[in-house]
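Presented below is the structure to which this report refers.
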Amino acid sequence: AKAQIGVTGLAVMGRNLARNFARNGYTVAVHNRTPARTRALIDEFGHEGDFVPTETAEEFVASLERPRRLLVMVKAGEPTDEVIREFAPLLEEGDMIIDGGNAHFADTRRREAALREQGIHFVGTGVSGGEEGALHGPSIMPGGSVESYRTLGPMLEKISAKVDGAPCCTHIGTDGAGHFVKMVHNGIEYADMQLIAEAYDLLRRAAGMTPQRIAETFRRWNTGRLDSYLIEITADVLTHTDAATGKPFVDIVADQAEQKGTGRWTVQTALDLGVPVPGIAEAVFARSVSGHTDLRAAARSLPGPKGNVLDAKSAERFADQVEHALYASKIVSYAQGWNMIQAGATEYGWDIDLGAVASIWRGGCIIRAAFLDRIRAAFDADPALPSLLADAQFAKEIGEAQSAWRTVVAAAGEHGIPAPGFSAALAYYDALRAERLPAALTQAQRDYFGAHTYRRVDRDGSFHTRWGQDKSEVEA
Ligand code: NDP
């Protein structure tokens, strides 16, 4: 029998996705540039299902039923183009190349357009959940044509994570929409991780709590509205002791965060789209600051405040306030992420169901959280919601949190503890709320030095003041 799907690129992700398809009853053709990987997969896991091992590109393509579905799981970037150059000439009209790698959505748009000329569907697909997710059920974000999703969609839904029986996979939109949304997912993940790190830092240094106590606090939070995979693993990390030194594990890890680039892509794209995502940007910059050992060494002896560590009772109260700050800041960064998805959809003409995005992130992926149900509900209530902050329920909660949130941001300043995520989220919240912003002054300055003109609050039109002459106003 011919294979219903083929996977090329059998490193950790490709191998586990191939096994996931096979375990779900599909016949899976497998291929890898270096055939040893293909043989290893068959030797180790061949008994798990129906695999068709192949060595050459021709053999691989011939083993697939039509329309062919080729899932490419190779290193993102140039290798993806190489694989397309190798396989596309062997394919026929209506066949699909599915790219499950972490491609930049602009590359996906370019590849999709080129392959569409040849009648081939190119389906850029975000896959989240790492190697465990790939095997047991990832969150899957396919882009590409509606037509491709008709037969491919049910297969992807079958291997995806399930929450309350619903698959964590939906057609996001055409061409690069899937990779775009995956990128924003990763941006939100950066922001979430940064906020949790700030909560930890404040509890440790301002409230004087031990990693063990902080873990207990996080576990308690994880039974409530902050229930999420990231808080859960953070608590596990904080209770772990380093075997070699007996110290808390978190104290023996070098404090320089690395990144593979999807957070940076998110911020670069947000700047291009003109959509404010300070929560994600601060998270990317916080990692960058941590890695600048040169700058940190140069500044180490700069003075800071004396900030006394809180007594036990105040520490408990402070921990509750941090929970509010974390929750409010989280709402803000998700609001920014969703704005970015809306902006991308508008720019590229994607018809994205914003509530469905929340649904498919409830399982399989790194930011899975109970909270996403609430986002789904907000878009169910109003599909045209301009911001999550405008949802009545979120607005109420953030209103209840704001006083504690301000206390925490002030405490961070008083203790000299950096909390760029909490602070930027609060600044964004206050900026959106403000009756008047000092942007008025910015416009006046621009007009002063560059005659860039300004609009008035009381009349239509553009105006310029002759600053260097008699300061009379002219209509521009
Ligand atoms: P890698 O990113 O390490 O890529 C290794 C695979 O790519 C191998 O099969 C390798 O073949 C193949 N490859 C590299 N260059 C070429 C080329 N020029 N032509 C053909 N094949 C090539 O593997 P991962 O499994 O970690 O990731 C696969 C994709 O999934 C990547 O795009 C990654 O970004 C993405 N991804 C990864 C996640 C993860 O948690 N790791 C999560 C979600 C997505 P060979 O054996 O011959 O060297």
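The shown structure was predicted, so the numbers you read here are calculated from the model rather than taken from an experiment. Just so you know, ligand 1 is whichever comes first in the structure, and atom 1 is the first atom listed for that ligand. By convention here, the first residue in the shown sequence is residue 1. Every heavy atom of this structure was used, including side-chain atoms; hydrogens, water molecules and symmetry mates were not.
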Do me a favour and list the nearest non-hydrogen protein atom to [atom] with residue, atom name and distance?
atom                    : result
atom 33 (C) of ligand 1 : N102 N, 4.0 Å
atom 37 (C) of ligand 1 : M13 CG, 3.4 Å
atom 40 (O) of ligand 1 : G130 CA, 3.3 Å
atom 9 (O) of ligand 1  : N32 OD1, 2.7 Å
atom 46 (O) of ligand 1 : R37 NE, 2.5 Å
atom 26 (O) of ligand 1 : V12 CG2, 3.6 Å
atom 20 (C) of ligand 1 : V83 CG2, 3.6 Å
atom 3 (O) of ligand 1  : A11 CB, 4.5 Å

On a heavy-atom basis, I'd like to know which of [options] is closest to [atom].
atom                    : options             : value
atom 13 (N) of ligand 1 : V74, T34, T38       : V74
atom 2 (O) of ligand 1  : K75, E86, E131, E82 : K75
atom 48 (O) of ligand 1 : H31, R33, M73       : R33

Applying a 4.0 Å heavy-atom criterion (strictly less than), which segment of T8 is in contact with ligand 1: side chain, backbone, both, or neither?
neither
Considering the heavy atoms of [X], write down every atom of ligand 1 situated less than 4.0 Å from one of them.
X    : value
P79  : 15 (N), 16 (C), 17 (C), 18 (N)
G9   : 9 (O)
V127 : 43 (C), 44 (C)
L10  : 9 (O)

For [X] against [Y], the heavy-atom pair lying closest together:
X    : Y    : value
A286 : Q194 : CB-OE1, 3.4 Å
V30  : A18  : CG1-CB, 3.9 Å
V184 : G337 : CG1-O, 3.5 Å

Relative to each other, are the rings of W221 and F218 parallel, tilted or perpendicular (30° and 60° limits)?
tilted
Parallel, tilted or perpendicular: rings of H171 and Y149 (30°, 60°)
tilted
